[in-house]
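When a ligand or atom number is given, it counts from 1 through the structure's own listing order.
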Amino acid sequence: MLVTGNDILIPARAGKYAVGSFNTNNMEITQAIIHTAERLRSPVMVQMSEGAIKYGGQDLADIVIDLAQRASVPVALHLDHGSSYESALRAIKMGFTSVMIDASHHPFEENVHETRRVVEAAHAMGISVEAELGRLGGIEEHVVVDEKDAFLTDPEEAVQFVEQTGTDYLAIAIGTSHGAYKGKGRPFIDHARIKRISELLPIPLVAHGSSGVPAEIVQRFRDAGGEIGDAAGIADEDLQQAAQFGIAKVNVDTDLRLAMTTAVREVLQKTPKEFDPRKIFGPARDLMSQVIEHKLRVLGSVGKA
Ligand SMILES: O=C(COP(=O)(O)O)NO
Ligand SMILES: [Ca+2]
Ligand code: NA
Ligand SMILES: [Zn+2]
């Protein structure tokens, strides 16, 4: 069933598990997300960035909404990294049930102002809101110098921010970063900071940049002709620990991109005569489903629906 972000994330925070929020750009990715969540009796969030909306538009949103409505587990459709009030309102008009307003690169007061506008409008229509405080930046464990700390979310500031905006859930900067290169080797996750923020704030917390970038998939991507450097992601144990301390929504995009493109490369490389799209995108859907299953098990949401 199609539900709001709060319907999914408030129980997750209370139950000390996290829910995967997976980016989609087409039908097969959407099917892999929702069908895997159903098979594992797990709530799940499907998210579209503004780029995905540009790429797939209402057609793609409708695929998500239709699958979500028919799903036997709770599914929310979430706007990822909404860049303005107008973008958030457009998503709500398209049928999204959760929207992020990402104004974290602005000064505090402007972030508050922009976020509060979206909260007021979204709440008037029964839609949940994600906001962000702090800036995602890669941190190597041995190099956490002052200016880098400036990017991480300040717990006391977070309390002020939530009070002044009314946001339903909060994306915090705790050491993760977007993409396949999250630092040299295993990124340093500031668990003390997560714990402190969760002690001060009862609302669901959000971890962006949480792909694991599994070495096995990275190697298969290379073997199938892909070019990628020394990629690294967030360790499963770090996500499991974060879920114990208030992280309720975990964003995953890179892992699905890697899985999809690895499978497509492998089919094209192994069977150069193949040109049936179902034989090319079918295995991609399967490999993405495997990656999603692993993530749902790591986050602890299996069986929670
Ligand atoms: O935060 C993300 C995705 O992060 P990854 O690149 O680690 O998948 N989307 O908003
Ligand atoms: Ca941001
Ligand atoms: Na988001
Ligand atoms: Zn993000």
Self-check item: Per-atom contacts of ligand 1 with G179, taking only distances under 4.0 Å to non-hydrogen atoms
Solution: 6 (O)
Quiz item: For residues E130 and H78, is any side-chain donor paired with an opposing acceptor at under 3.5 Å?
Solution: yes
Practice problem: Start with the C-alpha gap between T97 and L2, add the side-chain angles, then the distance that decides, and say whether side-chain contact (heavy atoms from CB on, under 4.5 Å) holds. | Solution: CA-CA 8 Å; T97 58; L2 178 65; 3.7 Å; yes
Practice problem: Restricting to N/O/S, name the atom of H208 that gets closest to the Zn ion (ligand 4). | Solution: ND1
Quiz item: Using a distance-only test with no angle check, is there a side-chain donor-acceptor pair under 3.5 angstrom linking N111 and H105?
Solution: no
Quiz prompt | H294 versus D236, side-chain donor and acceptor atoms under 3.5 Å | solution = yes
Quiz item: Of all N/O/S atoms in H178, which lies nearest to the Zn ion (ligand 4)?
Solution: NE2
Quiz prompt | Q47, E130, H178, M100: member with heavy atom nearest to atom 2 (C) of ligand 1 | solution = H178
Quiz prompt | Atom indices of ligand 1 within 4.0 angstrom of H81 heavy atoms, with elements | solution = 10 (O)
Practice problem: Could you tell me whether S210 approaches ligand 1 through its side chain, its backbone, both or neither, with non-hydrogen atoms closer than 4.0 Å? | Solution: backbone
Practice problem: Indicate whether any N or O donor in one side chain lies under 3.5 Å from an N or O acceptor in the other, for K249 and Q47. | Solution: yes
Quiz item: Are any of the N/O atoms in V252 less than 3.5 Å from those in ligand 1?
Solution: no
Exercise. Give the atom name of whichever N/O/S atom in E132 sits closest to the Ca ion (ligand 2).
Key: OE1
Quiz prompt | Per-residue contact class, N23 against ligand 1 - non-hydrogen pairs under 4.0 Å | solution = side chain
Exercise. Would you indicate whether the side-chain heavy atoms of M45 and I8 approach each other to under 4.5 Å?
Key: yes
Quiz item: At what distance is the nearest protein heavy atom to atom 6 (O) of ligand 1, and which residue and atom is it?
Solution: T254 OG1, 2.7 Å
Quiz item: Among protein heavy atoms, which sits nearest to atom 1 (O) of ligand 1, and what does the distance come to when rounded to 0.1 Å?
Solution: G209 N, 2.8 Å
Quiz item: Can you find a pair of side-chain heavy atoms, one from I217 and one from L287, that are under 4.5 Å apart?
Solution: yes
Quiz item: Under a 4.0 Å heavy-atom limit, does D80 contact ligand 1 with its side chain, its backbone, both, or neither?
Solution: side chain
Exercise. May I ask you to check whether H208 has an N/O atom sitting below 3.5 Å from an N/O atom of ligand 1?
Key: yes
Quiz item: Are any of the heavy atoms in K182 under 4.0 Å away from ligand 1?
Solution: yes
Quiz prompt | H106 ring center within less than 6.0 Å of H113 ring center | solution = no
Self-check item: Pair R196 + E156: basic N to acidic O under 4.0 Å
Solution: yes
Quiz item: Relative to the Zn ion (ligand 4), which of the N, O or S atoms in H81 is the closest?
Solution: NE2
Exercise. Evaluate salt bridge (Lys or Arg N to Asp or Glu O under 4.0 Å) for K54 paired with E50, printing each intermediate quantity in order.
Key: CA-CA 6 Å; K54 193 158 179 290; E50 290 176 346; over 6 Å; no
